[in-house]
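The sequence lines fix the lettering, A, B, ..., with proteins before strands; numbering per chain opens at 1.
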Amino acid sequence: MSRKADQLRPRGRESAEVSAASDAPNATGPLAGVRALDFAQAAAGPVSMMYLAMLGADVIKVEPPRGDTVRLGLPPHQGMGSTFLGNNLGKRGVVLNLKEPEGLDHAKQLIKQADVALDNFRSPTIMERLGLGYEVMRELNPRIIYVQSSAFGRSRGFEGMLSNEWVAQSISGFAGSTGEKNGRFEQSRGTAYLDWFTALVNLQAILVGLKHRERTGLGMMISTSQYAGALCAGFTRFVELLAGGERLRPTGSERSNVVPDLVVATSDGEMAFSAPTVRSWNRLCRLLRLERWLSMSMTARVSNRDEIYAELRAIFRTRTTSEWHPLLAAARVAHHPVDSSHTISEIVRSHPEGHDLITRVPSARGDLQVSSPPWRFSRTPASILRSSPELGEHQDEVFGELGIHVHHR
Amino acid sequence: MSTIADPALIPLDDIHVLEIAQGVVGPFCSMHLAAFGAHVTKVEPPWGDWLRDIPPVNGRTSALFEALNRNKRGLRLDLRTTWARQKLKNMISRSDVVLVDQATTRRWPSLSYESSRAGNGRLIWAQALAYSDRESGAKQTASELTIQMATGVNRHLGRPTDGTIRSGFDIASLSTSMFLFSGIMAALRERGVSGQGQRVAVSMFSAMTAMLEWNLVSEGDPDEWIGVQLESYTASPALGFILKDRVAYVEFRGDIAGWKQFLIGVGRAELAADPRFNQPQTMIPDMTDLKLELASTLHDWNYDDLYRLVAGLGGTIAPITPGDEAITFAESNGLFDENPGDLIDQISRPWAFSVGQLRRSRSYEEMDVP
């Protein structure tokens with residue numbers, strides 16, 4: 001703990017990077033000075049690099065001439081796929097045709113200057129076939145941290161197959177543990193939790209890689225996959241299952257091993273609430289005049305689930321949702337009304353603490369509605385420095401910094 | 001990474017973490033720090049982390065508690081005593097990272113970054129919150145379920161007329177942990193440059209909202225109200241195709257030729273010629289009309305035969321795996337083959353590094369307090 005800062009300060013080539021990044025506009029985040037290349041498309045890869053940019057890194061997105069596939073995604077926002085606009089905030093963008101010698105050469109110039117490179121081609125071998133595998137990268141830049149974020153890793157029978165949110169939900173047990181109680185399992189249709197979770201896995205790996213390099217000076221290749229990331233998102237359920245818990249099947253709004261933790265009807269709507277600790281359970285019992293159940297252990301509550309839930313359901317039907325809210329708040333029982341008729345942005349904004357979780361980013365295509373960076377740093381705030389790049393928008397700027405004149409875009 | 005430990009090659013061997021957090025969010029974050037070799041010391045109250053009581057319980061302690069706190073050491077401190085508070089203060093002064101959650105700071109308001117940084121300017125103070133750290137938000141408690149409802153997760157689950165459904169995975173809790181992890185690592189990296197610590201906080205509400213970015217940006221001001229993230233809340237759940245022996249998800253995204261070959265291959269050549277079903281935008285999961293057309297045909301197929309057809313055409317096919325079978329399916333398909341450790345390690349370590357080493361996992365080790 002007593003080591004001086006300058007002993008830990010990156011030396012050699014890296015100090016040049018620090019000064020290069022000080023030219024970037026207002027990079028306030030903790031990763032200022034880190035340069036990253038995003039060869040990825042769609043979500044799980046690009047989103048991890050978007051977060052790297054929010055944390056202060058200079059991220060250059062390298063797209064093929066036709067652009068990231070989700071530029072065509074639905075819905076369009078002023079003619080551009082909103083998925084692209086939401087997954088690439090804070091990056092600069094260039095276009096390279098990696099199948100042509102000039103494009104490949106320019107990619108190699110970028111790799112020489114980069115701390116991190118990531119792709120999410122479905123197969124781990126595609127970058128190798130393009131002539132940009134880890135062996136090539138390491139030759140160009142021994143300190144590079146290369147993340148290959150594939151679909152299924154080296155899982156037999158799936159190698160080389162495409163994955164996406166729906167595939168990940170299907171194969172990981174996410175769908176298999178979601179749905180009506182005792183009913184058929186189902187996917188979450190309009191969300192991308194497992195793309196995002198895999199992005200968080202990639203971000204984790206990159207940051208550990210940077211830390212490891214700081215100690216050893218060594219670059220590395222890190223392999224991740226959406227399949228493994230999706231299973232990690234189910235960690236708690238799988239631990240319960242492996243320990244001999246109940247079958248992992250859909251449980252509606254409930255959970256098999258925590259009581260109470262469910263959605264109940266009120267006289268005019270629905271209320272979700274949870275009281276997992278003995279203390280919160282006791283406060284709930286006192287509020288509801290259920291003193292006979294005070295200090296009941298979780299094991300006993302789970303065993304008496306049906307009786308407890310029948311009683312709770314009867315009591316909650318006697319008041320409106322807005323009458324229950326202050327009572328549960330005063331008892332410090334976690335609760336939230338259920339709203340299924342508004343959009344997600346309306347639901348988040350309607351919560352008193354939600355007003356600053358959604359922000360607007362100006363762009364060439366008008367204002368974008370995006371989520372705020374979720375971290376609060378006291379000294380080096382994360383920020384969204386720019387909107388997602390138009391195709392090849394920063395071609396001249398990025399290659400100009402390298403002293404390269406690029407013809408095509 | 002291999003599991004033969006040379007401290008110099010363990011990524012976080014030089015990092016000391018003090019965890020004063022219970023439940024899932026904080027411990028899942030520091031479980032990852034410990035997996036990468038950080039030295040994590042957990043402080044529990046005399047009555048123990050509340051998660052210890054959550055079934056299934058193996059022996060005396062919850063399996064979840066054991067899994068989330070593996071590779072950590074811990075002790076119980078009664079912070080109502082001056083002695084314990086002084087001991088904790090000493091521990092904080094020797095830590096690189098202190099990880100606290102909202103229950104900790106609500107119960108012990110004097111445990112703050114402001115009071116701790118005085119004795120340790122390099123400290124990273126990592127804080128897991130429920131909604132926010134404003135005075136109004138700090139009073140509100142949250143759970144996985146209530147954060148899911150606060151962010152409208154239910155909107156995309158179940159039939160619109162049926163009861164409210166949660167996501168079976170603890171997506172709000174675990175994503176909060178992962179964001180906090182990246183915040184800690186980024187702050188450590190910055191400390192290596194500036195020599196200074198700082199505070200980083202992530203709330204479950206902000207993390208889960210960020211997980212819904214796809215929806216937020218689409219809802220903003222779309223040219224048309226189309227796309228699965230905008231429309232699907234009014235649709236019935238996507239359920240895949242029921243085969244003889246499994247339920248399967250099939251997709252040929254963007255590959256119209258492959259898709260047509262697939263329709264011909266299952267004996268429905270007429271669908272390949274039907275303009276309703278041979279456009280790129282019909283090859284997405286909520287193609288209800290097509291599902292009805294194909295359902296009776298695919299009901300006669302078994303998974304292995306359909307797999308051979310789809311894989312041979314370059315498409316994607318995956319079983320919609322019952323929760324019980326997801327891990328054994330991954331294991332039998334070799335997903336974990338190159339990873340050392342037991343199943344819990346393998347589920348929690350979805351990456352493989354070409355260099356570096358990890359320690360062999362060990363159980364939570366509770367130390368006696370003198």
Side-chain angles (χ1 to χ4, degrees), chain A residues 5 8 30 55 74-76 82 86 155-156 161-162 166-167 170-171 173 176-178 186-190 192-193 196 200-201 203 205 207 212 220-221 223-224 228-229 232 234 236 239 243 245 248 253 257 263 272 274 277 298 334 336 343-345 347 353 357 369 371 374-376 378-379, chain B residues 11 50 53 55-56 63 67 131-132 137 141 143 146 149-150 152 156 164 168-171 178 182-183 185-186 190 192 195 198-199 201 206-207 209-211 213-215 217-220 222-223 226-227 229 232 237-238 249 285 316 318 320 322-324 326 333-335 350-352 354-355:
Chain A
L8 290 169
L55 290 167
L74 298 177
S82 60
S155 186
R156 284 187 291 275
M161 263 192 198
L162 169 150
W166 324 114
V167 174
S170 300
I171 200 168
S177 58
T178 301
E186 61 175 71
Q187 293 175 349
S188 174
R189 306 179 289 284
Y193 305 134
W196 252 254
L200 294 178
V201 166
L203 183 64
L207 291 166
H212 195 44
M220 68 202 72
M221 174 170 172
S223 306
T224 66
C232 185
T236 40
V239 167
L248 179 47
S253 71
N257 57 341
V263 173
S274 315
T277 68
M298 181 58 80
H336 204 279
T343 62
I344 284 172
S345 23
I347 291 169
E353 302 304 317
L357 299 187
Q369 171 178 274
S371 63
W375 311 269
R376 301 268 174 151
S378 59
R379 207 161 47 68
Chain B
W50 63 263
D53 300 330
Y131 287 93
S132 82
T141 55
S143 70
T146 63
M149 296 307 138
H156 293 276
T164 299
F169 285 6
D170 291 339
I171 200 76
M178 294 293 277
S182 59
M185 291 305 302
E190 197 276 341
Q198 63 179 317
R199 170 180 180 270
S206 67
T209 300
M211 295 292 281
E213 175 87 344
W214 195 39
N215 302 83
V217 70
S218 302
E219 287 174 359
D223 301 343
I226 50 174
Q229 65 276 44
S232 77
Y249 179 87
T316 287
I320 299 189
D324 310 12
N333 283 283
L335 181 67
W351 22 254
S354 66
V355 300

Legend entry - Between CG on residue D223(B) and CG on residue L74(A), distance to nearest 0.5 Å: 10.5 Å
Inset, instruction - With a 4.5 angstrom heavy-atom cut-off, could you sort out which part of I171(B) is near chain A: side chain, backbone, both or neither? - result: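 Interface part for I171(B): side chain.
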Inset, instruction - Counting only heavy atoms closer than 4.5 Å, note whether N215(B) contacts chain A via side chain, backbone, both or neither. - result: side chain
Legend entry - Test item: E219(B) side-chain N/O and I344(A) main-chain N/O as donor-acceptor pair under 3.5 Å: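 Yes.
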Kindly give the heavy-atom pair with the smallest separation between [X] and [Y], and that separation in Å.
| X | Y | result |
| --- | --- | --- |
| M149(B) | I347(A) | O-CG2, 3.9 Å |
| P374(A) | S206(B) | O-OG, 3.4 Å |
| Q198(B) | S378(A) | CB-OG, 3.2 Å |

Legend entry - Heavy-atom proximity to chain B below 4.5 Å, by part of L203(A): side chain
Inset, instruction - Classify the ring geometry between Y131(B) and H336(A) as parallel (under 30°), tilted (30 to 60°) or perpendicular (over 60°). - result: parallel
Just give me the residue among [options] that pairs up with chain B most often, heavy atom to heavy atom, under 4.5 Å.
| options | value |
| --- | --- |
| A228(A), G86(A), A205(A), S223(A) | S223(A) |
| T343(A), V263(A), V167(A), V239(A) | T343(A) |
| M298(A), M161(A), M221(A), E353(A) | E353(A) |

